[in-house]
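Notes follow once the structure below has been shown.
Computed from a predicted model, the values in this text were never measured in an experiment.
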Amino acid sequence: MSNRPPSPEVIELMGEVAEVMLADLDALVAEMSAAEVELSPVLGVDASAIADTSASNHAGARQLLSLFIRRDTNWTLRTASFELPHEMLDVAHTVARRGLDLDVIFQSYRYAQNVAWRHFMAHATRIAPPGPVLMELLHVSSERLFDYIDYALTKVIAATQREREEMLGGALARRAEAIRLVLDDAPIHSDRASERLGYQLSRWHTALVLWSGPGGEAQGALESAATALARAVGARPPLTHSVGTSALWAWLGSDAEPDLAALREPADKIAPNIRVAVGSTLRGIAGFRRSHDQALTVQRLLAENLDGPSVGLYRDLEVTALATADISRATEFVQSTLGNLAEDNPGAERLRETLRVFLDEADNAPRTATRLHTHRNTVLQRVARATELLGFPPADRRLALGLALELAQHLGPRVLAPNQ
C-alpha cells in the first residue's frame with residue numbers, strides 16, 4: 001500500500017460501517033467487556049469493576065466510531081487534537097486503587113480491540129464491494145483503529161502511573177495494601193493488620209459497598225454516606241477503601257452487633273443516587289472478609305435493577321442470592337410460577353408487591369394496607385386480581401410463590417417477562 005491519502009470512496013465506506021456499528025453499540029460493548037473479563041477475571045470481581053470497564057469501553061468505542069463517521073481524511077492531525085473521554089481515564093483510578101498490574105490494562109485493551117475489529121470486518125465485507133476497494137478499506141481502518149488504541153493506552157497507562165505515584169509511600173497506600181492482604185486471606189496476623197489499618201479487626205464488622213453510576217457521586221459524597229450510615233447504627237467511624245471513581249468499600253466496627261434495621265430507610269442519610277449493599281455483622285478477621293463477600297453479592301443483585309431499593313441487606317437477600325446462582329433457571333422459575341403476573345409493567349408490579357406483602361403479613365389485609373399506605377379493600381381487590389392472573393390460589397404454592405415474588409422484586413427486568 002502506498003502512502004497516498006485514502007480514496008474518498010474508502011472514507012465514505014468507513015463512515016457507513018461505523019454508523020451501522022454505532023447503531024448497535026450496546027451489543028458491541030457487551031461483547032468487548034465480556035472478552036476482557038474472561039481474560040482478566042479481576043475486572044469482573046464486583047459490579048463496580050464491571051460498570052467501570054463497560055463505561056470505558058462504551059465511551060471509547062463511541063469516540064472511535066464518531067471519528068470514523070466524520071469521514072476525516074487527515075487522521076494524524078485528528079488523533080493529535082482530541083481528548084479521551086473521562087470514563088476511559090477513570091479506569092486509571094480503578095486500576096491503581098485496586099492494586100492491579102498495568103498488564104491488565106494492556107491486555108484488556110487488545111482483547112477489546114480484537115472484538116471491535118471482528119465486528120468492523122463483518123460489516124465491511126457486507127457493505128463494500130469485494131476487490132481492491134474492500135482491501136483498502138480494511139487496511140486503512142485497521143491502521144486507524146490501532147492508532148487510536150495505541151493513543152488511548154499511552155494516556156491511560158500514564159494516568160495510572162500518576163495515580164500510583166500519588167499513593168506511593170503514603171498512609172493510603174499502606175491501608176490499601178493491608179486491606180488487600182486481609183481480603184486475600186494472606187498470612188498476616190490480626191494485630192499486625194489492625195495496626196496498619198488503624199482499625200481493630202477483633203471487633204464485630206458490618207461491610208458496606210457504596211456506589212453510584214459512572215460519572216456519579218464523587219468519593220467525598222460516598223465517604224460522607226458511609227459515615228452517616230455508621231452513625232445511624234451507633235458504630236465507630238468507618239474504615240473505607242476507594243476502589244474506583246464511583247465506588248467505595250467500607251467496614252463499620254462495633255463492640256456488639258448493631259441493629260441494621262436503621263439502614264433500610266436511608267433517605268435522610270445519603271444522596272438519592274447512592275446505593276448501598278450491606279453484609280451481615282460478623283466478628284474477627286474472618287468476619288471482616290465474609291461480610292465483605294456478602295456485600296459484594298448483594299451489590300451484584302442490586303446493580304442491574306435500577307428501580308430496586310437503594311439499600312440491600314444480605315440477611316434480607318440471602319435466599320435470593322442462593323436462588324440466582326443460575327440466573328437463567330431463576331428467570332424460568334419466576335415466569336413459570338407467576339405466569340401473567342410476571343409481566344414487566346407498572347400494573348403487574350403493583351399487584352406483585354401487594355401480594356408479596358400480603359403473604360408476608362400472613363394474609364392479613366389491614367396490616368398489608370398499613371404497610372402499603374392504602375385501603376384494606378384496595379388490598380383485597382389487588383390480591384383477587386393477582387390470583388386471577390396466577391391461575392391458582394396463593395395458598396396452594398405459598399413457598400414457591402413467595403420466592404418468585406422476592407426474586408421479581410429484587411431483580412426486576414432480569415427475570416420478568418417482556419411486556420406484551
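Using a distance-only test at 3.5 Å, with no hydrogens or angles considered, no donor-acceptor pair links the side chain of S291 to the main chain of F288. Side chain of D184 to main chain of A186: no donor-acceptor pair is present (N/O by atom type, distance under 3.5 Å, no hydrogens or angles). With hydrogens and angles ignored, the 3.5 Å screen pairs a side-chain donor or acceptor of R71 with a backbone N or O of I69. Under a 3.5 Å cut-off, the side chain of Q200 and the backbone N or O of S194 do not form any donor-acceptor pair. R352 contributes a side-chain N or O that, together with a main-chain N or O of E343, makes up a donor-acceptor pair within less than 3.5 Å.
Between E353 and R356, at least one side-chain N (NZ, or NE/NH1/NH2) sits under 4.0 Å from a carboxylate O, which counts as a salt bridge. Between R180 and E177 there is a salt bridge, with a side-chain nitrogen of the basic residue lying less than 4.0 Å from a carboxylate oxygen of the acidic one. Note on R196 versus D191: no salt bridge recorded, every NZ/NE/NH1/NH2 to OD/OE distance being 4.0 Å or above.
Few gaps surround CD on E12; more than 12 heavy atoms of other groups in view lie less than 6.0 Å from it. Other residues, nucleotides and ligands place no more than 12 heavy atoms under 6.0 Å from the CD atom of E38. Heavy atoms from other residues, nucleotides or ligands lying under 6.0 Å from CZ of R315 number more than 12.
From Q294, atom CD reaches atom CG of L282 across 5.5 Å, with rounding to the nearest 0.5 Å. Distance CD/E406 to CG/D316: 8.5 Å, rounded to 0.5 Å.
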Handout entry: S33/I50 under side-chain contact (heavy atoms from CB on, under 4.5 Å): CA gap, chis, key distance, verdict
Key = CA-CA 8 Å; S33 300; I50 294 172; over 6 Å; no
Practice task
Start with the C-alpha distance between R110 and D150, add both sets of side-chain angles, then the distance that settles salt bridge (Lys or Arg N to Asp or Glu O under 4.0 Å), and finish with yes or no.
Solution key: CA-CA 10 Å; R110 293 307 183 195; D150 289 344; 2.7 Å; yes
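No side-chain donor from either of E257 and T281 sits under 3.5 Å from a side-chain acceptor of the other.
When each of V311, V209, L248 is checked for a side chain to side chain contact (heavy atoms under 4.5 Å, CB included) with V276, only V311 meets the rule.
Using a 4.5 Å heavy-atom cutoff, the side chains of R236 and Y199 are not in contact. Side-chain atoms of R126 and V20, non-hydrogen and from C-beta on, do get closer than 4.5 Å to each other.
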